[in-house]
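What follows is a short report on a single structure.
The residues of the chain are indexed from 1 along the displayed sequence.
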Amino acid sequence: MKVLEVKNLHFYYDNNKPILNDLSFNVKKREFVSIVGGSGCGKSTIIKVLAGIEKITQGDIKVDNSVSYMPQSDTLFPWRTILDNILLPIEIKKGDLKKGKEKALSLLERFNLIDYWKSYPKELSGGMKQRISFIRTLMNEGELLLLDEPFSALDAITREDLQNWLLNSFSTLEKSIIFITHDIDEAIFLSNRILVCTKSPISNFKEFLIPKNMDSQYRLQLKKDIVSAIKGVNFYEEN
Ligand SMILES: Nc1ncnc2c1ncn2[C@@H]1O[C@H](COP(=O)(O)OP(=O)(O)OP(=O)(O)O)[C@@H](O)[C@H]1O
Ligand SMILES: [Mg+2]
């Protein structure tokens, strides 16, 4: 069963530079899909289009339920407490704050961050702030989570910690995820499927299915194949 179906998507920014050119792909229910590709190929653009932040030029996007979007940069507001940061999307939508607060507190509890609900972002570590951003993303009821390089600003140990955390959370969350990363190992570790942008504008992906169990040799070869698929790209910057 599909949670997202994208058909013949075209997208240009105002300067008429094509970023997506007749792109079609889909995501199944409970699937963890990563998108990798060189800087500037259009990964964030895909997610922004899916989140409705950028309007598509042409094509069709079918989403089951709504989507929840976690942007590329950390956007916790320093002057708001952790709870108030998490409640922000509900405030903006003028939703039910009482219900929202209950949900926020139960998510903080579940992710072992309940002690920090009254704290301010500066009192939290980078990894904790990323978890708070993730919880805020979960405040939207979306079935499909769009995560744009959520761990890119973290040190290696914290990052590995959060990868394990995300993988464990994913198995209980009943969500589907589109995850953008530059880290091939991270993508292989987390995903059911990896979509590689091989050229710009993006008209299709090179697809890699990730088996649950693989030996180290298979993993190494897979990584090599993905890296060479990425390197096949001719980006605008290089033209
Ligand atoms: N608002 C905008 N207006 C015009 N061009 C834009 C805009 N946002 C992005 N672009 C251009 O679109 C292309 C794709 O950008 P995008 O942010 O989607 O890349 P990306 O794959 O996410 O890169 P990175 O890995 O560095 O985050 C880039 O060439 C960028 O300069
Ligand atoms: Mg990006």
Side-chain angles (χ1 to χ4, degrees), residues 19 25 27 30-48 50-51 67-76 111 124-138 144-171 173 175-200 202 204-235 237-238:
I19 308 291
F25 70 100
V27 174
R30 311 279 175 273
E31 194 178 23
F32 196 124
V33 175
S34 289
I35 300 180
V36 300
S39 184
C41 71
K43 303 177 297 296
S44 295
T45 304
I46 293 175
I47 278 210
K48 283 182 197 159
L50 295 178
V67 300
S68 304
Y69 168 55
M70 179 169 164
Q72 186 161 357
S73 53
D74 170 42
T75 51
L76 294 181
F111 292 125
L124 272 63
S125 72
M128 286 156 106
K129 281 189 275 199
Q130 291 285 348
R131 269 175 267 217
I132 298 297
S133 298
F134 185 75
I135 288 176
R136 183 171 59 187
T137 310
L138 291 177
L144 176 64
L145 305 183
L146 308 171
L147 310 179
D148 195 350
E149 298 196 39
F151 306 149
S152 57
L154 303 173
D155 65 88
I157 308 273
T158 312
R159 188 169 183 144
E160 206 180 297
D161 229 31
L162 278 191
Q163 288 166 358
N164 284 308
W165 175 81
L166 180 61
L167 200 61
N168 286 332
S169 309
F170 180 65
S171 60
L173 271 177
K175 304 264 185 194
S176 312
I177 292 184
I178 297 183
F179 184 93
I180 295 183
T181 181
H182 280 280
D183 183 332
I184 314 292
D185 292 313
E186 177 172 273
I188 292 175
F189 178 65
L190 292 170
S191 316
N192 307 118
R193 188 156 55 104
I194 297 179
L195 305 176
V196 183
C197 309
T198 59
K199 59 181 187 337
S200 207
I202 305 173
N204 54 36
F205 296 113
K206 191 162 171 57
E207 225 183 77
F208 293 87
L209 289 175
I210 313 301
K212 270 216 164 63
N213 298 305
M214 53 186 144
D215 59 31
S216 51
Q217 206 175 351
Y218 188 97
R219 178 180 295 267
L220 203 65
Q221 189 57 47
L222 186 64
K223 187 175 174 184
K224 274 188 189 159
D225 292 346
I226 293 172
V227 170
S228 20
I230 294 173
K231 282 189 175 157
V233 185
N234 287 312
F235 290 114
E237 285 94 296
E238 292 163 7

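Ring pair Phe179/Phe32 is tilted by interplanar angle, where 30° to 60° counts as tilted.
Counting all heavy atoms, side chain and backbone alike, Ala187 lies closest to Thr181 at CB-CG2, 3.8 Å. Residue Lys206 comes nearest to Ala229 through the heavy atom pair CD-CB, 3.9 Å, listed as atom of the first residue, atom of the second, then distance. Closest approach of Val27 and Ser176 over heavy atoms only: CG1-CB, 4.2 Å. Of all heavy-atom pairs between Ile210 and Ser191, the closest is CB-O, 3.5 Å. Shortest non-hydrogen contact noted between Ser152 and Arg159 is CA-NH1, 3.6 Å. Closest approach of Ser44 to Asp148, counting heavy atoms only: OG-OD2, 2.6 Å.
Residues satisfying the salt bridge (Lys or Arg N to Asp or Glu O under 4.0 Å) criterion with Lys223, sequence neighbours excluded, are Asp185. Partners of Asn164 according to the side-chain hydrogen bond (donor to acceptor under 3.5 Å, both in side chains) rule, which considers only residues two or more places apart in sequence or in another chain, do not exist here. Applying the ring pair (Phe, Tyr, Trp, His ring centres under 6.0 Å) rule to Tyr69 yields no partners; only residues at least two apart in sequence or on another chain are considered. Annotation: salt bridge (Lys or Arg N to Asp or Glu O under 4.0 Å) contacts of Arg219 (sequence neighbours excluded): none. Under the side-chain hydrogen bond (donor to acceptor under 3.5 Å, both in side chains) criterion, Glu31 pairs with Arg193, sequence neighbours left out. In terms of the side-chain hydrogen bond (donor to acceptor under 3.5 Å, both in side chains) criterion, Thr137 has no residue partners (sequence neighbours excluded).
Rounded to the nearest 0.5 angstrom, Leu145 CG and Met70 CE are separated by 10.0 Å. With rounding to the nearest 0.5 angstrom, the CG atom of Leu76 is 12.0 Å from the CE atom of Met128. A distance of 15.0 Å separates NZ of Lys199 from CD1 of Ile230, quoted to the nearest 0.5 Å. Rounded to the nearest 0.5 angstrom, Leu124 CG and Ile132 CD1 are separated by 6.0 Å. Between the SG atom in Cys197 and the CG atom in Asn204 there is a gap of 10.0 Å [rounded to 0.5 Å]. Note: Leu173 CG to Arg30 CZ = 9.5 Å, rounded to the nearest 0.5 Å.
Inter-residue side-chain proximity for Phe111 and Leu138 is flagged as met; some heavy-atom pair is nearer than 4.5 Å. The closest side-chain heavy-atom distance from Ile177 to Leu166 is below 4.5 Å.
For Glu160, the CD atom sits in a loose shell: 12 or fewer heavy atoms of surrounding residues, nucleotides or ligands are nearer than 6.0 Å.
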Legend entry - side-chain contact (heavy atoms from CB on, under 4.5 Å) evaluation trace for Ile46 with Phe25: CA-CA 11 Å; Ile46 293 175; Phe25 70 100; 4.1 Å; yes
Legend entry - Residues Phe151, Asp183; criterion side-chain contact (heavy atoms from CB on, under 4.5 Å); working and verdict: CA-CA 10 Å; Phe151 306 149; Asp183 183 332; over 6 Å; no
Inset, instruction - Just do the side-chain contact (heavy atoms from CB on, under 4.5 Å) check on Ser39 and His182 with the steps written out, would you? - result: CA-CA 8 Å; Ser39 184; His182 280 280; 4.3 Å; yes
Inset, instruction - For Ile188 and Ile226, run side-chain contact (heavy atoms from CB on, under 4.5 Å): C-alpha distance rounded to whole Å, both residues' side-chain angles, the deciding distance at 0.1 Å, then the answer. - result: CA-CA 10 Å; Ile188 292 175; Ile226 293 172; 4.2 Å; yes
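In this structure a side-chain-to-backbone donor-acceptor pair under 3.5 Å is present from Lys43 to Gly37. Put simply, the side chain of Gln130 gets close to the backbone of Pro150: a donor and an acceptor are under 3.5 Å apart.
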